[in-house]
Student: 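My questions will all concern the structure given below.
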Amino acid sequence: QASPPEEKTKTLEKAGVLHRTKTVDKGRRLRKKHWSASWTVLEGGVLTFFKDSKASAAGGLRQPPKLSTPEYTVELRGASLSWAPKDKSSRKNVLELRSRDGSEYLIQHDSEAIISTWHKAIGEGIQELSAD
Ligand code: I3P
């Protein structure tokens with residue numbers, strides 16, 4: 001028996017620190033790339049990039065991490081994901097996520113193993129939503 005939709009959308013699928021940058025905002029290409037390391041959460045068909053994790057890391061172990069606020073939220077419904085072509089970045093292991101509203105994000109991690117688990121999880125998230 002299928003679980004009710006509310007239950008499904010609350011499931012945390014994945015979380016971790018990734019490098020990301022927004023390159024296009026609703027069809028408008030941004031002039032500069034600003035890579036930052038940010039806490040990233042995939043949950044209920046939405047990918048959320050929180051604000052730069054360096055701010056909370058600066059507090060060190062003596063301070064609890066500050067509750068960070070989301071910087072970008074990307075609805076996976078109607079989105080597409082692929083490995084970024086080489087001309088999009090000099091970095092290795094870069095994914096390109098295009099949202100339905102015409103925004104684009106690059107997502108990167110130095111570890112091929114880690115970026116591959118994100119590729120799979122985001123790809124599956126997009127697939128599941130397109131089947132609804
Ligand atoms: C950019 C910065 C980015 C780089 C980008 C540079 O310079 O070095 O990291 O993207 O390359 O323009 P600046 O800090 O002066 O803005 P990658 O790391 O993804 O290669 P680009 O111009 O080829 O996009």
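Whatever order the structure lists them in is the order used to number ligands and atoms, beginning at 1. Side chains included, hydrogens not; waters and symmetry mates left out as well; all remaining heavy atoms used.
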Student: Protein heavy atoms near atom 24 (O) of ligand 1, is at least one of them under 4.0 angstrom away?
Tutor: yes

Student: Please report the shortest heavy-atom distance between A15 and W39, naming the atom on each side.
Tutor: CB-CZ2, 3.7 Å

Student: Below 3.5 angstrom, do we get any N/O pair linking K33 and ligand 1?
Tutor: yes

Student: Between the side chains of E75 and R100, is the shortest nitrogen-to-carboxylate-oxygen separation below 4.0 Å, so that they form an ion pair?
Tutor: no

Student: Please report which non-hydrogen protein atom sits nearest to atom 20 (O) of ligand 1, along with the residue it belongs to and the distance in Å to one decimal place.
Tutor: S90 OG, 2.7 Å

Student: Cluster question for you: counting only ILVMFWY and a side-chain heavy-atom cut-off of under 4.5 Å, with indirect links fine, are F49 and L30 together?
Tutor: no

Student: Under 4.0 Å from atom 8 (O) of ligand 1, is there any protein heavy atom?
Tutor: no

Student: Let me check something: do L95 and V46 share a hydrophobic cluster, defined by ILVMFWY side-chain heavy atoms less than 4.5 Å apart, either directly or through other members?
Tutor: no

Student: Considering only protein heavy atoms, which is closest to atom 14 (O) of ligand 1, and at what distance to one decimal place?
Tutor: K32 NZ, 4.5 Å

Student: Under 4.0 Å between a side-chain nitrogen and a carboxylate oxygen: does that hold for R20 and E71?
Tutor: yes

Student: Identify the closest protein heavy atom to atom 3 (C) of ligand 1: which residue and atom is it, and at what distance?
Tutor: W35 CD1, 4.1 Å

Student: Tell me, which protein residue and heavy-atom name are nearest atom 19 (O) of ligand 1, and how many Å apart are they?
Tutor: S89 OG, 2.5 Å

Student: Testing the basics here: between N93 and S111, what is the closest heavy-atom pair and its distance to 0.1 Å?
Tutor: ND2-C, 3.7 Å

